[in-house]
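To keep things clear, I will list the structure first and then write my remarks on it.
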Amino acid sequence: MTQMIRLTLPDGSVREVSRGTTGADVAASIGPGLAKAALAARVDGTLVDLSWPIDADATLALVTSKDEVIALDLARHDYAHVLAEAVQHLFPGTQITFGPSTDDGFYYDFAPKDRPFTEDDLPAIEAEMRRIIGRNEPLVREEWERDRLVAHFAAHGESFKAEWAAELPDGEPLTIYRAGTGDDAWLDLCRGPHLPSTGKLDPNAFKLTRVSGAYWRGDQSNAMLSRIYGTGWLNKKQLDAHLVRLEEAAKRDHRRIGAEMDLFHLQPEAQGSVFWHPKGFILWRALEAYMRRRLDAAGYAEVKTPQLMDARQWEQSGHWGKYRENMFVVPDEIPNTEDDAAIFTGTADLMALKPMNCPAHVLIFRQGIKSYRDLPIRMAEFGCCHRNEPHGALHGIMRVRQFTQDDAHIFVREDQLIAEVVAFCDLLDSVYRDLGFDTYAIKLALRPDKRFGSEEMWDWSEQSLRDAVKAAGRDTPEYGWEELPGEGAFYAPKLEFHLTDAIGRTWQVGTIQTDTVLPERLDASYVGEDGARHRPVMLHRAILGTFERFIGILIEHHAGRFPLWLAPVQAVVATIVSDADGYAGTVAAALAKAGIRVDSDLRNEKINYKVREHSLAHVPYMLVVGRREAEEGTVALRPLGGGEQRVLPLAEAVALLAGEAVPPDLRTQPTTLA
């Protein structure tokens with residue numbers, strides 16, 4: 001007699017089915033429309049293939065394209081597999097390695113037989129991918145033993161896959177996905193899940209975008225591979241919208257705009273570090289001054305800590321074991337041993353540049369006896385840090401090796417934690433809105449697999465952050481509230497704040513973490529009301545993240561058209577004729593006296609040329625003067641972007657610009673130029 005099981009569907013209905021029934025079977029029993037639309041299934045919350053046999057009572061939810069986030073990830077994963085299959089069809093002898101989905105697409109790393117791939121190869125690969133999609137090849141999951149996997153890949157000249165397969169745990173189900181049928185089927189090692197067949201992909205909803213180099217396993221001592229990137233979507237409309245965003249993003253690229261505005265540059269002599277030009281550093285200082293005022297008003301005490309610290313301190317804090325490969329060590333010759341204890345035995349001069357500020361702040365906290373009455377202590381630092389990021393990961397000023405954090409650590413009693421997190425959320429919200437970001441999401445990153453601390457500590461820390469976000473009124477869909485399993489730091493869960501910019505991209509910038517591990521490891525304590533020693537909870541928090549990256553985000557969000565208070569050059573006085581040079585000096589002096597950052601353009605050039613040049617430099621306002629303006633004491637005020645030009649008395653124009661140039665935290669009332 002066939003054993004029956006009970007499947008509970010999302011609407012609460014229960015179906016009795018035979019053991020071994022699949023999601024595809026259930027979809028077909030409900031109707032042909034759902035059978036066609038179904039892409040995967042969730043069994044007791046776990047995402048599986050539609051062909052997965054269900055062998056016990058369970059909850060079952062069928063995934064369709066309406067479940068856009070899940071469907072997109074599945075599609076992008078499949079596009080990566082189709083890409084690899086296409087490349088091996090077109091370029092026999094090419095070895096495959098890994099091919100994950102990404103936030104907006106996918107990539108796959110290859111070891112070509114003859115030559116690295118170039119962007120000239122992409123059209124042919126795209127055409128082959130469309131043929132594979134058109135063949136509607138079934139994607140079939142199979143479980144293999146590890147030895148069989150290793151033997152298969154070794155026999156087919158896939159040394160990278162064989163190496164990886166040999167390291168997989170023995171005795172666990174290891175999965176191969178077969179694309180197609182018969183002897184011509186294409187195989188790849190993959191955990192899955194996948195769509196039922198390649199025909200579920202839209203052949204017009206993907207595009208290969210670029211080729212780059214990549215090292216096997218991300219290690220520069222390993223073989224160089226060719227990485228092919230693509231973007232993939234559920235339909236052509238989504239792809240077209242994405243390509244428009246990419247085009248707009250290229251126009252907003254902070255590197256291009258930074259050069260146009262003469263803000264900064266980068267060069268090989270200081271890879272991963274930024275050369276800030278005078279105009280760029282004006283922007284930096286305006287942002288830093290604003291943040292300093294906000295922190296002062298919120299009760300933070302600013303500190304400054306050393307760049308270089310004894311490596312023992314980093315070993316004690318736990319960072320040495322986690323970040324050693326990304327730390328700059330002095331001297332850079334570390335004793336040749338894998339045993340950390342041996343490294344530190346008898347070593348007096350092994351130092352490291354700080355990759356973060358937190359251990360140094362604990363050392364300040366430990367100076368003198370702290371009472372429960374002293375808490376909370378809010379300690380802030382615009383701290384310069386160094387991390388030895390891989391060369392391939394560097395990207396303009398968005399990803400650098402030397403950076404400055406708007407860092408702070410708040411030492412609290414357990415009963416103070418929720419109020420402090422709420423206050424931080426309110427401060428962060430106000431700062432983001434002042435800087436032009438009205439939309440952001442809050443996500444809770446939960447305990448990773450490798451972590452310090454007890455399970456009880458993690459339970460308490462995670463729940464405290466949930467309670468704090470709820471108390472702040474931000475655990476709602478409006479704020480994109482979401483929990484991210486496994487994404488926390490090794491010492492603490494964290495709230496992440498993801499900004500949405502002007503063209504819909506998201507950027508993870510702010511964070512706050514509840515840490516009980518570091519105070520324990522570095523022996524931070526306070527005297528409680530009971531006279532005993534207690535450990536404080538340490539809140540690690542940042543609003544901007546790093547100045548370099550946040551300025552890059554600001555540049556791209558505003559497309560270089562900063563609000564007046566942030567603009568490096570706020571106004572240019574430009575003459576139409578040389579007879580107005582003297583009056584232009586008077587105008588510039590009046591603006592400078594009112595606190596406006598102003599330049600003058602007295603060159604013997606046509607005024608249209610000057611307007612075009614300063615528009616490219618993203619100067620917010622031009623004040624054009626000629627003979628008439630000089631005689632009447634007026635200016636022709638031209639806003640950036642081709643807004644209506646207005647002729648105003650000089651004093652009125654100066655007052656309007658001075659009002660708009662006031663930073664938002666210092667304004668008593670909104671001031672804008674209509």
Side-chain angles (χ1 to χ4, degrees), residues 39 65-91 94 96-110 112 115-137 139 177 179 186 188 190 194-214 225-256 392 395-396 398 500-507 556:
L39 303 176
S65 59
K66 293 180 180 179
D67 306 293
E68 188 166 305
V69 173
I70 300 173
L72 266 175
D73 191 58
L74 286 167
R76 288 164 178 167
H77 193 177
D78 282 20
Y79 279 125
H81 276 243
V82 171
L83 165 61
E85 183 179 354
V87 166
Q88 289 201 309
H89 285 173
L90 292 174
F91 303 93
T94 297
I96 55 175
T97 62
F98 297 126
S101 59
T102 65
D103 287 343
D104 63 1
F106 56 94
Y107 69 80
Y108 212 109
D109 289 346
F110 302 95
R115 61 170 176 80
F117 296 127
T118 71
E119 294 189 3
D120 291 339
D121 298 315
L122 299 186
I125 297 172
E126 284 184 349
E128 181 64 19
M129 289 176 67
R130 291 190 176 93
R131 280 192 286 271
I132 293 170
I133 292 170
R135 290 199 294 267
N136 195 22
E137 296 178 348
L139 299 172
Y177 275 83
W186 183 82
D188 196 5
C190 183
H194 281 280
L195 300 174
S197 68
T198 61
K200 292 290 186 180
L201 297 170
D202 186 333
N204 299 309
F206 79 93
K207 181 176 179 59
L208 301 183
T209 54
R210 62 190 177 95
V211 178
S212 73
L225 308 173
S226 282
R227 175 173 294 178
I228 299 178
Y229 287 91
T231 184
W233 300 85
L234 298 178
N235 53 61
K236 189 175 186 299
K237 182 179 179 181
Q238 290 180 343
L239 172 65
D240 290 344
H242 176 69
L243 295 178
V244 169
R245 286 195 299 271
L246 287 181
E247 184 178 352
E248 181 62 28
K251 296 176 184 176
R252 293 169 178 260
D253 190 299
H254 71 280
R255 294 164 296 183
R256 181 179 67 82
H395 176 65
M398 298 288 204
T500 299
D501 71 9
I503 59 173
R505 298 172 300 181
T506 59
W507 306 87
E556 298 198 1

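Computed from a predicted structure; not experimentally measured.
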Identify, with sequence neighbours excluded, every residue that meets ring-ring contact (aromatic ring centres under 6.0 Å, His included) alongside [X].
X	answer
His77	His81, His194
His89	none
His254	His395
Phe98	Trp164, Trp216

### Query
Less than 4.5 Å apart, any side-chain heavy atom of Ile132 and any of Trp186?
no

### Message
Is there a side-chain contact between Glu119 and Thr209 in this structure, where contact means two heavy atoms from C-beta onward sitting under 4.5 Å apart?
### Response
no

### Summary
Taken in chain and number order and not counting sequence neighbours, the residues that satisfy side chain to side chain contact (heavy atoms under 4.5 Å, CB included) with Ile503 are Glu248, Ala249, Arg252, Asp501, Arg505

### Task
Not counting sequence neighbours, which residues clear side chain to side chain contact (heavy atoms under 4.5 Å, CB included) with Asn235? List them please.
Asp202, Lys237, Gln238

### Task
Answer yes or no for Arg76 and Phe206: cation-pi contact, defined as NZ/CZ to six-membered ring centre under 6.0 Å and angle to ring axis within 45°.
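No, Arg76 and Phe206 do not form such a contact.
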
### Query
Which value, rounded to the nearest 0.5 Å, describes the distance between Thr102 atom OG1 and Tyr229 atom OH?
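Answer rounded to 0.5 Å: 8.5 Å.
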
### Message
Rounded at 0.5 Å granularity, tell me how far CG in Leu243 sits from OG1 in Thr231.
### Response
7.0 Å

### Message
More than 12 heavy atoms of other residues, nucleotides or ligands under 6.0 Å from CD of Glu247: yes or no?
### Response
no

### Task
Measure from the ring center of Phe110 to the ring center of Phe91 and say whether it is less than 6.0 Å.
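Ring centres of Phe91 and Phe110 not closer than 6.0 Å.
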
